[in-house]
**Q** 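Mind having a look at this structure? Questions to follow.
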Amino acid sequence: MNKYRTHNCGELTKKNTSKDIILSGWVNKKRDHGNLLFIDLRDNYGVTQCVIDKSNKHFIKLEKIQLESVIKILGKVVERDKDTINLELKTGEIEVVIDTFEILGHCKELPMPIFTDQEYAEEIRLKYRFLDLRRKKIHENIILRSQVISFIRKEMNELGFLEFQTPILTSSSPEGARDFLVPSRLNPGKFYALPQAPQQFKQLIMVSGFDKYFQIAPCFRDEDARADRSPGEFYQLDLEMSFVEQEDVFNVVEKLMINLFKKFSSKKILSNKFPRIPYKEAMLKYGTDKPDLRNPLLIYDLTNVFTREDVKFDIFKKLVKSGSKVRAIVTKNTKDKPRSFFDNIDKWAKSEGGSGLAYFTIENQNEVSAKGPVGKFFSKQSLEEIMKITGAKIGDSIFFACGKIKDVEKISSLAREKIAHDLNLIDKNSFAFCWIVDYPMFEIDDDNKIKFSHNPFSMPQGDIEKIDFKNPLNIKAYQYDIVCNGIELSSGAIRNHRPELMYKLFSLAGYDKNQVDEKFSGMINALSYGAPPHGGIAPGVDRILMLLADEKNIREVTMFPMNQNAQDLMMNAPSEVSENQLKELNLSLKKRK
RNA sequence: GGGGGUGUAGCUCAGUUGGUUAGAGCGAUCGCCUGUCACGCGAUAGGUCGAGGGUUCGAGUCCCUUCACUCCCGCCA
């Protein structure tokens with residue numbers, strides 16, 4: 001028999017009545033009646049109420065026990081009286097009458113309470129993460145994480161995927177995020193990089209003929225944190241398949257996501273076939289390539305309306321003449337909303353750094369007219385054109401933004417979210433997945449240089465012999481994102497497995513052949529020894545968990561996260577190292593100013 | 001790198017227009033209490049008001065600097 005327990009704290013029921021049992025666990029709560037003491041004993045599996053009274057010689061000692069101490073209890077299971085049953089506990093029909101007990105691990109005075117729903121400061125939570133993790137909600141989130149990962153492994157195995165590990169110490173690559181670097185002792189002056197993703201390795205696995213690969217892969221990117229982005233490391237369900245087209249990857253991922261989200265959430269999935277939205281359309285209708293499709297609002301381009309003679313809104317007209325765009329959002333039946341509703345949104349837009357939003361409401365008093373600060377600038381005919389383009393009806397309101405295309409996309413996208421939020425238009429009980437497809441291969445950066453817009457290893461669309469390299473910005477790629485509820489879960493692509501084409505595309509982005517050979521030596525070399533057509537994707541495990549656990553912050557689904565400054569407050573990382581360690585690595589530190 | 005928010009007892013927070021000795025709940029310690037499950041009742045201890053500087057007769061409160069945590073922008077192929 002086990003020395004510490006015969007049962008766990010979540011399994012005793014009426015069936016165990018009169019049995020002598022041993023339980024071990026944490027003192028969750030004490031209720032001391034002076035001559036009668038209740039102790040809620042907690043472990044991973046549940047809580048069991050234990051009781052002792054002053055006739056027991058251990059009573060006085062147990063009365064003094066600190067919360068969160070670990071104790072072992074020997075006692076007898078008894079059925080509770082009907083009026084003392086606690087339906088909130090799985091074990092609520094019984095209690096354990098304590099015979100003797102033993103302290104297994106004493107607990108000092110706690111830096112924060114465990115048994116409470118109270119929020120407390122992140123700094124304390126992270127420093128005492130082992131205590132924080134005892135709390136119900138986050139404890140359950142971490143268990144969910146384990147179950148989700150097991151489920152993914154099982155599903156992927158059933159789909160014929162093989163799981164492989166890839167190196168953690170690898171080489172730095174010029175594209176993408178900032179790398180974490182690790183100095184090499186045996187190669188002074190040289191550095192490994194932690195992989196931002198196993199991108200090249202998984203393609204090499206395809207070249208090696210393994211056909212279908214997956215991995216719950218750690219990825220390291222030295223970028224600043226956000227609520228949904230851990231500093232340092234995160235996990236992806238990295239997968240890659242040979243001899244596939246885009247649709248084949250979509251089929252695997254759609255099936256997996258639906259099974260996963262059905263199993264671990266009761267929220268409904270809006271469509272089992274995820275809509276496919278071309279990048280260009282997404283940027284127009286939603287102002288972003290990660291649209292929240294739970295939000296029914298759409299964005300319309302009204303630039304041409306502002307070239308009409310009978311529209312007198314000169315500020316916008318001038319901007320349009322110099323190349324700016326006008327985008328609009330229609331809100332249904334908002335004619336009776338108070339002035340403050342409109343002004344708040346305008347004020348909010350200004351606080352986002354824009355020039356605010358113009359707006360009016362369409363009315364019909366004798367004839368169609370616009371009511372609002374800028375309404376008088378619009379003729380009846382121009383309003384009818386606006387109504388035709390946007391589908392707006394009498395009683396609806398229209399918000400306008402005007403600016404350079406990037407700025408107007410951004411503010412209209414944010415306004416779409418803000419207005420939907422204010423009008424309570426978003427169904428919080430659903431998951432709306434979609435694919436964003438047809439990404440451009442290249443884009444122009446601020447210095448007017450052509451660069452890869454996504455993954456440089458993506459396959460361009462169309463007949464390879466007929467690609468128009470003279471107009472690189474028109475080249476689309478087999479590059480796709482999967483988005484759920486406005487959160488980008490993943491990017492993927494059908495890869496470019498032809499070295500000549502790869503050199504050509506890299507040359508457009510300013511890399512000559514030698515640079516490509518040097519920077520991507522492993523892969524470009526491999527592709528010239530018989531590479532299969534292949535493609536894949538890498539959904540973010542942490543973000544999937546945030547959706548399933550309904551958490552706004554990635555730390556709530558991460559066992560041992562770092563803080564915003566990429567420090568582990570519990571382990572004191574990063575930390576200084578000894579002179580000797582630096583010497584071995586051939587490193588010396590600059591004096592900090 | 002930039003912008004916003006927060007910082008008062010171990011924890012969560014209140015603290016009015018700048019005004020006497022900075023409060024509450026939980027926790028801790030001590031006492032009372034035999035059916036609670038957020039048990040109850042009473043008492044006690046516990047404070048560099050994040051830090052530094054300034055204005056003022058007087059600063060938790062106003063100003064400046066700085067630190068920590070956090071959210072956002074930049075960044076994230």
Side-chain angles (χ1 to χ4, degrees), chain A residues 28-42 47-56 59 63-64 66-68 78 80-89 91-92 95 97 107-128 131-132 173-179 196-197 199-200 219-232 234 290 351-353 410 414 439 441-443 445-446 451-458 477 479 481 488 491-493 505-506 509 511 519-520 538 540 552-553 555 562-565 567 569:
Chain A
N28 196 52
K29 196 75 190 165
K30 287 189 297 184
R31 288 176 295 281
D32 187 354
H33 291 239
N35 294 314
L36 177 74
L37 171 67
F38 295 100
I39 286 187
D40 288 340
L41 199 66
R42 183 196 74 237
V47 172
T48 302
Q49 173 166 285
C50 305
V51 62
I52 188 170
D53 70 19
K54 71 169 177 191
S55 64
N56 187 307
F59 180 82
E63 215 182 5
K64 300 286 172 222
Q66 275 74 21
L67 293 182
E68 292 304 312
V78 301
R80 294 202 203 181
D81 290 344
K82 254 212 184 92
D83 50 344
T84 62
I85 285 173
N86 184 349
L87 294 172
E88 280 166 33
L89 292 182
T91 60
E95 62 191 3
V97 177
C107 180
K108 295 200 290 193
E109 188 177 341
L110 292 161
M112 78 278 211
I114 307 294
F115 178 68
T116 167
D117 293 328
Q118 214 165 51
E119 298 288 322
Y120 45 78
E122 206 63 31
E123 195 176 355
I124 299 167
R125 294 186 61 187
L126 294 180
K127 184 169 178 192
Y128 297 95
L131 293 179
D132 193 35
S173 80
E175 290 280 321
R178 205 176 289 116
D179 283 318
Q196 296 184 24
Q199 179 65 38
Q200 295 192 56
C219 304
F220 306 89
R221 296 179 190 173
D222 187 2
E223 293 300 331
D224 288 353
R226 290 287 182 279
D228 64 350
R229 202 166 79 199
S230 289
F234 61 97
K290 37 185 180 180
S351 75
E352 288 291 318
K410 186 161 183 182
L414 291 171
Y439 275 87
M441 190 85 211
F442 298 101
E443 63 187 13
D445 71 8
D446 297 336
K451 60 168 208 169
F452 289 107
S453 69
H454 253 72
N455 186 323
F457 307 130
S458 301
Q479 166 81 46
D481 277 11
E488 182 194 322
S491 286
L505 293 168
F506 267 100
Y511 295 88
K519 293 296 183 187
F520 305 102
K552 297 237 176 325
N553 196 293
R555 288 186 298 271
M562 297 200 283
N563 70 9
Q564 194 169 43
N565 295 320
Q567 298 161 339
L569 299 175

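All of these numbers come straight from a predicted model, not from anything done at the bench. Order of the sequence lines fixes the chain letters, A, B, ..., with proteins taken first and strands second; residue numbering starts at 1 for each chain.
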**Q** Between Asp40(A) and Lys30(A), is the closest basic N to carboxylate O distance under 4.0 Å?
**A** no

**Q** What nucleic acid atoms does Gln564(A) come within less than 4.0 Å of, heavy atoms only: base, sugar-phosphate, or nothing?
**A** base

**Q** Can you tell me if Arg555(A) and Gln564(A) form a side-chain donor-acceptor pair at under 3.5 Å?
**A** no

**Q** In whole Å, measure the gap between the C1' atoms of rC30(B) and rG47(B) for me.
**A** 22 Å

**Q** Is Phe452(A) touching bases, backbone alone, or none of the nucleic acid, heavy atoms closer than 4.0 Å?
**A** sugar-phosphate

**Q** Taking any strand in view, what nucleotide pairs with rA59(B) in a Watson-Crick or G-U wobble way, both distances under 3.5 Å?
**A** none

**Q** Find the distance Asn563(A):CG to rC71(B):C1' and express it as a whole number of Å.
**A** 14 Å

**Q** Would you please say whether a donor-acceptor pair under 3.5 Å links the side chains of Glu123(A) and Asn563(A)?
**A** no

**Q** Taking 4.0 Å as the cut-off, does a side-chain nitrogen or oxygen of Asn553(A) come that near to OP1 or OP2 on rC71(B)?
**A** yes

**Q** Using a strict threshold of under 4.0 Å (side-chain N to carboxylate O), is an ion pair present between Lys451(A) and Glu443(A)?
**A** yes

**Q** Mind calculating the distance between CD (Gln567(A)) and P (rC67(B)) to the nearest angstrom?
**A** 13 Å

**Q** Look at the side-chain N and O atoms of Lys108(A) and state whether any lies under 4.0 Å from the OP1 or OP2 oxygen of rG27(B).
**A** no

**Q** According to ring pair (Phe, Tyr, Trp, His ring centres under 6.0 Å), who are the partners of Phe452(A), at least two apart in sequence or on a separate chain?
**A** Phe442(A), Phe506(A)

**Q** Whom does rC69(B) pair with, Watson-Crick or G-U wobble, provided both distances fall under 3.5 Å?
**A** rG5(B)

**Q** Just how far, in rounded Å, is P of rU70(B) from CD of Glu122(A)?
**A** 6 Å

**Q** Any carboxylate oxygen within less than 4.0 angstrom of a Lys/Arg side-chain nitrogen, looking at Glu68(A) and Lys108(A)?
**A** no

**Q** If you measure only the distance, is there a donor-acceptor pair under 3.5 Å linking the side chains of Asn455(A) and Tyr439(A)?
**A** no

**Q** Expressed as a whole number of angstroms, how long is the span from Glu63(A):CD to rU29(B):P?
**A** 11 Å

**Q** Both distances below 3.5 Å, Watson-Crick or wobble geometry, any strand: find the nucleotide opposite rG18(B).
**A** none

**Q** With no angle test and no hydrogens, is the base of rG74(B) tied to the side chain of Asp224(A) by a donor-acceptor pair under 3.5 Å?
**A** yes

**Q** For rC75(B), does either OP1 or OP2 sit under 4.0 Å from a side-chain N or O belonging to Gln196(A)?
**A** no

**Q** Mapping Leu126(A) and Asn455(A) to their closest nucleotides on RNA chain B, which lands nearer the 5' end?
**A** Leu126(A)

**Q** rC73(B) phosphate, OP1 or OP2: any side-chain N/O from Arg226(A) under 4.0 angstrom?
**A** yes

**Q** Quick one: CG on Leu67(A) to CG on Leu110(A), what's the gap to the nearest 0.5 Å?
**A** 7.0 Å

**Q** Measure the CG-NZ distance between Asp132(A) and Lys127(A) for me, rounded to the nearest 0.5 Å.
**A** 14.0 Å

**Q** Quick one: Glu119(A) CD to rC26(B) C1', roughly how many Å, whole number?
**A** 16 Å

**Q** Classify Arg555(A) by what it touches in the nucleic acid, base, sugar-phosphate, or nothing, heavy-atom distance under 4.0 Å.
**A** sugar-phosphate

**Q** Look at the side chain of Glu95(A) and the base of rG35(B), then say whether one donor and one acceptor between them are separated by less than 3.5 Å.
**A** yes

**Q** Pick the C1' atom in rG3(B) and in rA9(B), then give their distance to the nearest Å.
**A** 33 Å

**Q** Should rC39(B) form a Watson-Crick or G-U wobble pair with both distances under 3.5 Å, which nucleotide is its partner?
**A** none

**Q** What contact category does Leu37(A) fall into here, base, sugar-phosphate, or nothing, at under 4.0 angstrom with non-hydrogen atoms?
**A** nothing

**Q** Under 4.0 Å, counting only non-hydrogen atoms across every strand here, what does Ser453(A) touch: a base, just sugar-phosphate, or nothing?
**A** sugar-phosphate

**Q** Using atom C1' in both nucleotides, what's the gap between rA14(B) and rC33(B) to the nearest angstrom?
**A** 32 Å

**Q** With the sugar-phosphate defined as primed atoms, P, OP1 and OP2, and the base as all remaining atoms, what B/S/- string results for nucleotides 37-45 of chain B, 5' to 3', for protein heavy atoms under 4.0 Å?
**A** BSB------

**Q** Write down the partner of rG25(B) under the Watson-Crick or G-U wobble criteria, each distance required to be under 3.5 Å.
**A** rC11(B)

**Q** From C-beta outward on Glu223(A), which listed nucleotide comes closest to its side chain: rU12(B), rC76(B), rC30(B)?
**A** rC76(B)

**Q** Using the C1' atom on both, measure rG60(B) against rG18(B) and round to a whole Å.
**A** 10 Å

**Q** Over all strands shown, is Asn28(A) touching base, sugar-phosphate only, or nothing at heavy-atom distances under 4.0 angstrom?
**A** nothing

**Q** What contact category does Asp81(A) fall into here, base, sugar-phosphate, or nothing, at under 4.0 angstrom with non-hydrogen atoms?
**A** nothing

**Q** Ignoring hydrogens and angles, are the base of rC75(B) and the side chain of Arg229(A) linked by a donor-acceptor pair under 3.5 Å?
**A** yes

**Q** Of the options rU34(B), rC71(B), rC76(B), whose atoms approach the side-chain atoms of Ala227(A) most closely?
**A** rC71(B)

**Q** Once you round it to whole Å, what is the distance between P of rC26(B) and CD of Glu109(A)?
**A** 16 Å

**Q** Which is true for Lys410(A) with a 4.0 Å heavy-atom rule: it touches a base, it touches only sugar-phosphate, or it touches nothing?
**A** sugar-phosphate

**Q** Please report, rounded to the nearest Å, how far the P atom of rU36(B) is from the CZ atom of Phe59(A).
**A** 16 Å

**Q** So Lys552(A), base contact, sugar-phosphate only, or nothing? Heavy-atom distance under 4.0 Å.
**A** nothing

**Q** With a non-hydrogen cut-off below 4.0 angstrom, is Pro456(A) in contact with a base, only sugar-phosphate, or nothing?
**A** base

**Q** Just the rounded figure in Å: distance from P of rC26(B) to CD1 of Ile114(A).
**A** 18 Å

**Q** Rounded at 0.5 Å granularity, tell me how far SG in Cys50(A) sits from CD in Glu95(A).
**A** 9.0 Å

